[in-house]
Amino acid sequence: RMRPHVHRPIDAAWIRRQMGRPRAPRRWMVRATGAQMTPVPPTGAWPGGEVVTARVRDAANRVVLYLHGGGYIACSPETHRPLVAALVSRIGGTAYVPTYGLAPEHPYPAALHDAQGAYRHLVDACGITPSRLIVAGDSAGGGLALALVLSLRETGLPLPAAVVTFSPWTDMAATGASLDENSQRCAMFAGDTIRRAARFYSANADPFSPTLSPLYGDYHGFPPLLVHASTDEALRDDAVRVAERARAHGASVTCRLWAGVPHVWQFFSGVMPEAAESLQETADFIRAQT
């Protein structure tokens with residue numbers, strides 16, 4: 001659906017329609033997990049979104065703040081239900097999936113501000129202890145998860161127990177070699193797609209700002225970090241380089257690359273063994289940190 005259009009002008013409205021389809025397979029994948037979705041309207045600092053709860057709850061009652069991907073211009077809690085439901089079913093916990101302002105109508109730092117509000121809501125209004133809270137995200141949401149935790153540390157707020165990222169987009173300056181090396185192999189994007197899409201969210205901001213491009217952040221004192229990405233995706237080096245930087249700053253990092261799988265393949269855990277394997281490794285990582 002996306003690959004044939006990678007060299008065309010980016011139409012945010014068209015992408016939103018395409019990423020919202022098809023609904024029937026998505027409903028089937030969610031039903032298979034047994035997870036339940038509950039809408040949560042905006043209230044206080046919470047920007048709105050939904051809660052995804054596992055059918056069988058673990059006694060540890062782990063909580064994930066999950067930030068959806070979509071290039072900062074598309075997708076929603078609804079589009080990401082299959083991935084989030086598959087994850088919470090493996091940890092026996094709960095995920096809060098907030099909405100956030102999408103570009104180009106809401107450029108940086110709109111998404112970051114909404115993510116900060118969601119985190120404050122969970123800690124302050126819901127009383128969730130950071131030691132059992134995981135911040136996670138995929139693609140743009142993976143970069144947003146890293147940016148959120150970097151901003152929390154800078155403001156002195158309590159940090160989550162760990163951070164999980166799937167194929168994170170971490171470099172709005174678009175300097176990764178894989179943008180060109182994997183431009184023909186990536187199942188979703190060409191390198192030029194990434195370069196053009198970055199301008200929608202970054203607008204006139206400095207692309208090297210750590211809370212816009214977490215690749216350039218300071219990871220001293222950062223929580224344990226898990227990074228999963230594909231060897232063949234255009235954003236491979238966004239994932240690899242942020243893992244290397246965090247490790248160089250003393251953070252505990254688990255980074256693994258899967259060969260020959262598409263960007264954010266964790267969506268397909270019901271049919272793709274590599275997706276189920278990635279999510280199971282993620283669940284094991286989360287249990288080890290909480």
Side-chain angles (χ1 to χ4, degrees), residues 35-54 57-58 60-70 72 74-81 83-85 87-89 91-103 105-166 168 201 210-212 214 217 221-226 282 286 289-290:
Q36 299 295 317
M37 270 63 62
T38 305
V40 182
T43 177
W46 173 254
E50 64 184 28
V51 178
V52 183
T53 306
R57 302 290 295 277
D58 187 277
N61 195 25
R62 298 174 179 90
V63 177
V64 177
L65 173 60
Y66 195 93
L67 302 170
H68 69 78
Y72 292 107
C75 294
S76 66
E78 180 187 356
T79 62
H80 280 61
R81 285 174 180 171
L83 196 165
V84 179
L87 178 59
V88 299
S89 69
I91 65 172
T94 301
Y96 288 77
V97 190
T99 59
Y100 56 82
L102 299 178
E105 299 92 333
H106 304 282
Y108 171 83
L112 178 62
H113 288 169
D114 286 338
Q116 291 167 334
Y119 187 89
R120 290 196 304 270
H121 175 77
L122 296 187
V123 173
D124 297 336
C126 297
I128 296 171
T129 305
S131 62
R132 63 182 180 91
L133 177 58
I134 305 295
V135 173
D138 64 276
S139 194
L144 184 57
L146 295 167
L148 168 62
V149 178
L150 288 172
S151 73
L152 294 174
R153 193 201 55 202
E154 291 304 311
T155 56
L157 293 174
L159 301 184
V163 180
V164 168
T165 63
F166 302 133
Y201 181 55
T211 52
L212 175 59
F222 204 78
L225 170 63
L226 179 140
T282 301
I286 289 174
Q289 310 304 327
T290 53

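Values in this document were obtained by computation on a predicted structure and should not be read as measured data.
To the nearest 0.5 Å, the span separating CD1 on Ile91 from CZ on Arg62 amounts to 7.0 Å. Rounding to the nearest 0.5 Å gives a distance of 7.5 Å between OG1 of Thr53 and OH of Tyr96. Atom CG of Leu152 is separated from atom OG1 of Thr211 by 11.5 Å, given to the nearest 0.5 angstrom.
Pro224 approaches Ala161 most closely through the heavy-atom pair CD-O, 3.3 Å. The nearest pair of heavy atoms linking Leu67 to Pro98 is CD2-CG, 3.7 Å. When every heavy atom of Met37 is checked against every heavy atom of Ala35, the shortest pair comes out as CE-O, 3.9 Å. A pairwise comparison of heavy atoms in Gly217 and Pro210 identifies CA-CB, 3.6 Å as the closest pair. Heavy atoms only, all atoms of each residue included: Val88 and Thr94 are closest at CG1-C, 4.0 Å. The minimum heavy-atom distance between Pro107 and Ala103, with the atom names listed, is CA-CB, 4.4 Å.
Inter-residue side-chain proximity for Leu212 and Pro109 is flagged as unmet; no heavy-atom pair is nearer than 4.5 Å. Under the 4.5 Å side-chain criterion, counting only non-hydrogen atoms from C-beta, Cys75 is not in contact with Leu102. Using a 4.5 Å heavy-atom cutoff, the side chains of Phe222 and Leu159 are not in contact.
Remark: Gln36 CD is loosely packed, at most 12 non-hydrogen atoms of other residues, nucleotides or ligands lying under 6.0 Å away.
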Could you give the side-chain donor-acceptor pairs of residues 110-129 under 3.5 Å, partners two or more places apart or in another chain?
{"from": "Asp114", "atom 1": "OD2", "to": "Gly101", "atom 2": "N", "distance (Å)": "2.8"}
{"from": "Gln116", "atom 1": "NE2", "to": "Ser151", "atom 2": "OG", "distance (Å)": "3.1"}
{"from": "Tyr119", "atom 1": "OH", "to": "Pro158", "atom 2": "O", "distance (Å)": "2.7"}

Could you pull out all donor-acceptor pairs under 3.5 Å where a side-chain atom in residues 132-149 meets a protein atom, sequence neighbours excluded?
{"from": "Arg132", "atom 1": "NH1", "to": "Asn61", "atom 2": "O", "distance (Å)": "2.7"}
{"from": "Asp138", "atom 1": "OD1", "to": "Tyr66", "atom 2": "OH", "distance (Å)": "2.8"}
{"from": "Asp138", "atom 1": "OD1", "to": "Gly69", "atom 2": "N", "distance (Å)": "3.3"}
{"from": "Asp138", "atom 1": "OD1", "to": "His80", "atom 2": "NE2", "distance (Å)": "3.2"}
{"from": "Asp138", "atom 1": "OD2", "to": "Gly69", "atom 2": "N", "distance (Å)": "3.4"}
{"from": "Asp138", "atom 1": "OD2", "to": "His80", "atom 2": "NE2", "distance (Å)": "3.2"}
{"from": "Ser139", "atom 1": "OG", "to": "His263", "atom 2": "NE2", "distance (Å)": "2.8"}

>> Between Glu50 and Val40, does the side chain to side chain contact (heavy atoms under 4.5 Å, CB included) criterion hold? Intermediate values first, please.
In response: CA-CA 5 Å; Glu50 64 184 28; Val40 182; 5.6 Å; no
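The main-chain N or O of Leu226 is found under 3.5 Å from a side-chain atom of Thr165 such that the two form a donor-acceptor pair. Tyr100 places a side-chain N or O within donor-acceptor distance of the main-chain N or O of His68, the cut-off being under 3.5 Å.
Under the side-chain hydrogen bond (donor to acceptor under 3.5 Å, both in side chains) criterion, Ser76 pairs with no residue, sequence neighbours left out.
Proximity of the aromatic rings of His106 and Tyr72 is defined here by a centroid distance below 6.0 angstrom, and this criterion is not met.
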